[in-house]
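Below you'll find the structure, written out as structure tokens, and then a few comments.
Quick note on labels: first sequence line is chain A, next is B, and so on, each numbered from 1.
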Number of protein chains: 2
Amino acid sequence: MSLPRAKLVKNFPGCPVEATLTYLDGKWKGVILFHLMEGTLRFNELRRKLPAVTQRMLTKQLRELEECGLVSRTVYPVVPPRVEYAMTPLGMTLKPVIQALAAWGDDYVFCSPEGRELRLASDGLRAPVAALEA
Amino acid sequence: MSLPRAKLVKNFPGCPVEATLTYLDGKWKGVILFHLMEGTLRFNELRRKLPAVTQRMLTKQLRELEECGLVSRTVYPVVPPRVEYAMTPLGMTLKPVIQALAAWGDDYVFCSPEGRELRLASDGLRAPVAALEA
DNA sequence: TTTTACAGTATCCTTTTGGGTACTACGTAC
DNA sequence: GTACGTAGTACCCAAAAGGATACTGTAAAA
């Protein structure tokens with residue numbers, strides 16, 4: 001083990017937080033990992049869980065996750081094609097991270113009535129922030 | 001509390017993980033939050049901790065963090081100017097998230113000898129992955 | 001016989017993000 | 001009287017990310 005640990009790097013990415021975010025970065029990676037944490041999914045199954053993603057983007061994000069070893073891709077040579085995506089053991093180590101992200105999102109991120117805009121619980125001190133003081 | 005929770009949103013961002021990542025997204029937000037978790041910092045103090053950031057980018061990222069209520073900005077009307085950045089109570093609720101991200105980065109992200117490329121512990125099953133099996 | 005499902009590619013285009021450089025004002029130190 | 005440190009803006013440009021649309025091939029179903 002001769003490589004320096006990320007925490008020893010002083011320049012880029014600057015800190016282990018950035019190092020991790022590097023791998024979660026990409027518009028759909030978070031959701032993909034979130035769903036795959038609960039079990040193997042085929043390409044179109046995943047697509048149905050992400051109504052807004054295009055085929056191109058889903059493929060792209062999956063390939064990136066595969067390339068860095070977080071997700072595995074298994075092709076069954078049948079017709080019609082069957083391709084299964086699953087978390088690798090390394091990917092599974094992300095579980096606490098994904099859980100922390102999900103928990104915070106659940107507690108503090110709201111969706112505006114219009115639907116497409118996010119807001120944090122802070123404006124007006126809603127329940128989660130109040131819960132802080134309890 | 002009439003707004004629907006993020007977890008109820010079926011379209012965008014699709015899941016609470018993405019919702020949280022929305023706020024951490026930006027090349028320098030992770031490091032900034034990481035450093036501010038440990039205490040208030042002035043603009044140039046922060047800049048010194050992030051050797052590679054430009055003034056423009058640091059300002060931009062800080063403004064975004066301020067706008068969503070995670071970080072506060074206090075201007076002291078003195079010359080030369082003194083501006084302090086600190087986590088808000090809401091920002092502090094991110095601590096477990098930042099810690100989870102940092103822990104995973106520490107354990108699984110390595111830096112290649114050349115310096116600018118990241119790698120995950122998976123290739124060759126180094127210590128952290130081995131630790132999984134123990 | 002046409003359509004559907006599957007798992008993608010290829011091509012092009014727009015938007016967003018990030019970076020480089022120069023500039024500001026003010027007071028103090030040299 | 002020139003330079004330095006503070007905390008920024010303004011302007012422009014390059015690169016990366018993301019999205020729209022059309023296309024592929026095979027087998028089974030309608």
Side-chain angles (χ1 to χ4, degrees), chain A residues 11-15 18-19 21-33 35-36 40-68 71-86 116-118, chain B residues 11-15 18-19 21-33 35-36 40-68 71-86 116-118:
Chain A
N11 305 311
F12 184 79
C15 82
E18 276 309 316
L21 287 176
T22 296
Y23 292 95
L24 300 183
D25 201 30
K27 190 157 171 188
W28 308 97
K29 298 228 180 97
V31 219
I32 292 171
L33 294 173
H35 287 301
L36 287 183
T40 298
L41 287 171
R42 297 179 59 173
F43 185 81
N44 276 359
E45 284 175 335
L46 211 37
R47 201 143 82 102
R48 274 175 230 119
K49 303 226 180 217
L50 281 61
V53 79
T54 64
Q55 229 165 355
R56 188 181 104 80
M57 281 312 294
L58 183 55
T59 304
K60 226 181 129 215
Q61 303 282 292
L62 284 168
R63 289 295 139 85
E64 288 175 21
L65 289 170
E66 189 197 354
E67 205 198 322
C68 66
V71 160
S72 69
R73 175 172 177 269
T74 311
V75 182
Y76 297 89
V78 296
V79 170
R82 174 185 191 87
V83 179
E84 286 185 353
Y85 291 92
R116 293 220 163 261
E117 185 204 350
L118 296 186
Chain B
N11 306 310
F12 186 79
C15 82
E18 275 310 316
L21 287 175
T22 297
Y23 292 96
L24 300 183
D25 201 30
K27 190 157 173 188
W28 308 97
K29 297 228 181 100
V31 219
I32 292 172
L33 293 173
H35 288 301
L36 288 184
T40 298
L41 288 171
R42 296 180 56 175
F43 185 81
N44 275 0
E45 284 174 335
L46 212 35
R47 200 143 84 101
R48 274 174 229 119
K49 304 228 178 215
L50 281 58
V53 80
T54 63
Q55 227 165 356
R56 189 182 102 79
M57 280 312 295
L58 183 54
T59 305
K60 227 182 129 215
Q61 303 282 292
L62 284 168
R63 289 295 139 85
E64 289 175 20
L65 289 171
E66 190 198 354
E67 206 198 322
C68 65
V71 160
S72 69
R73 176 172 177 267
T74 313
V75 183
Y76 297 88
V78 296
V79 171
R82 175 186 191 87
V83 178
E84 284 185 354
Y85 291 92
R116 292 220 164 262
E117 184 205 351
L118 296 186

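For B:Leu58 and C:dT17, the CG to P distance is 17 Å, given to the nearest whole Å. If you measure from atom CG of A:Leu41 to atom P of C:dA7, you get 11 Å, rounded to the nearest angstrom. What separates CZ of B:Arg47 from P of D:dA7 is a distance of 9 Å, to the nearest Å. As a whole-Å value, the separation of B:Phe43 CZ from C:dT24 C1' is 14 Å. Residue A:Leu62 contributes atom CG, which lies 11 Å from atom P of C:dA7 at whole-angstrom precision.
Two residues are said to be in side-chain contact when any heavy atoms from C-beta on lie closer than 4.5 Å; A:Arg73 and A:Val75 meet this criterion. Between B:Leu46 and B:Val53 there is no side-chain heavy-atom pair separated by less than 4.5 Å. At least one side-chain heavy atom of B:Arg47 sits under 4.5 Å from a side-chain heavy atom of B:Asn44. Two residues are said to be in side-chain contact when any heavy atoms from C-beta on lie closer than 4.5 Å; B:Lys29 and A:Leu21 fail this criterion. A 4.5 Å side-chain heavy-atom check between A:Phe43 and A:Gln55 finds at least one atom pair inside the cut-off. Residues B:Thr59 and B:Arg63 form a side-chain contact, since some pair of their non-hydrogen atoms from C-beta on lies under 4.5 Å apart.
Of the side-chain N and O atoms in A:Arg73, none sit less than 4.0 angstrom from OP1 or OP2 of C:dA7. Taking side-chain N and O atoms only, A:Arg82 has no distance below 4.0 Å to OP1 or OP2 of C:dG8. For the OP1/OP2 pair of D:dT9 and a distance below 4.0 Å, the side-chain nitrogens and oxygens of B:Arg63 include at least one atom meeting the criterion. Contact annotation: A:Arg48 reaches the phosphate of C:dC6 (side-chain N/O to OP1 or OP2, under 4.0 Å). In terms of phosphate contacts, B:Arg42 brings no side-chain nitrogen or oxygen within less than 4.0 Å of OP1 or OP2 of D:dG8.
When atom types are taken as modelled, the side chain of A:Gln61 and the backbone of A:Trp28 share a donor-acceptor pair closer than 3.5 angstrom. At distances below 3.5 Å, not a single donor-acceptor pair connects side-chain atoms of B:Glu84 with backbone N or O atoms of B:Thr74.
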For this session: Can you check each nucleotide of nucleotides 14-30 of chain D against protein heavy atoms at under 4.0 Å and return B for base, S for sugar-phosphate only, - for none, in 5' to 3' order?
Result: ----BBB-----BS---
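One distance of note links OH of A:Tyr76 with CZ of A:Arg42; it measures 10.0 Å at 0.5 Å rounding.
Five base pairs at each end of the helix from C:dT1-D:dA30 to C:dC30-D:dG1 define two local axes, and these are offset by 20° (rounded to 10°).
Contacts of A:Tyr76 with the nucleic acid, taken as non-hydrogen atoms under 4.0 Å apart, are absent.
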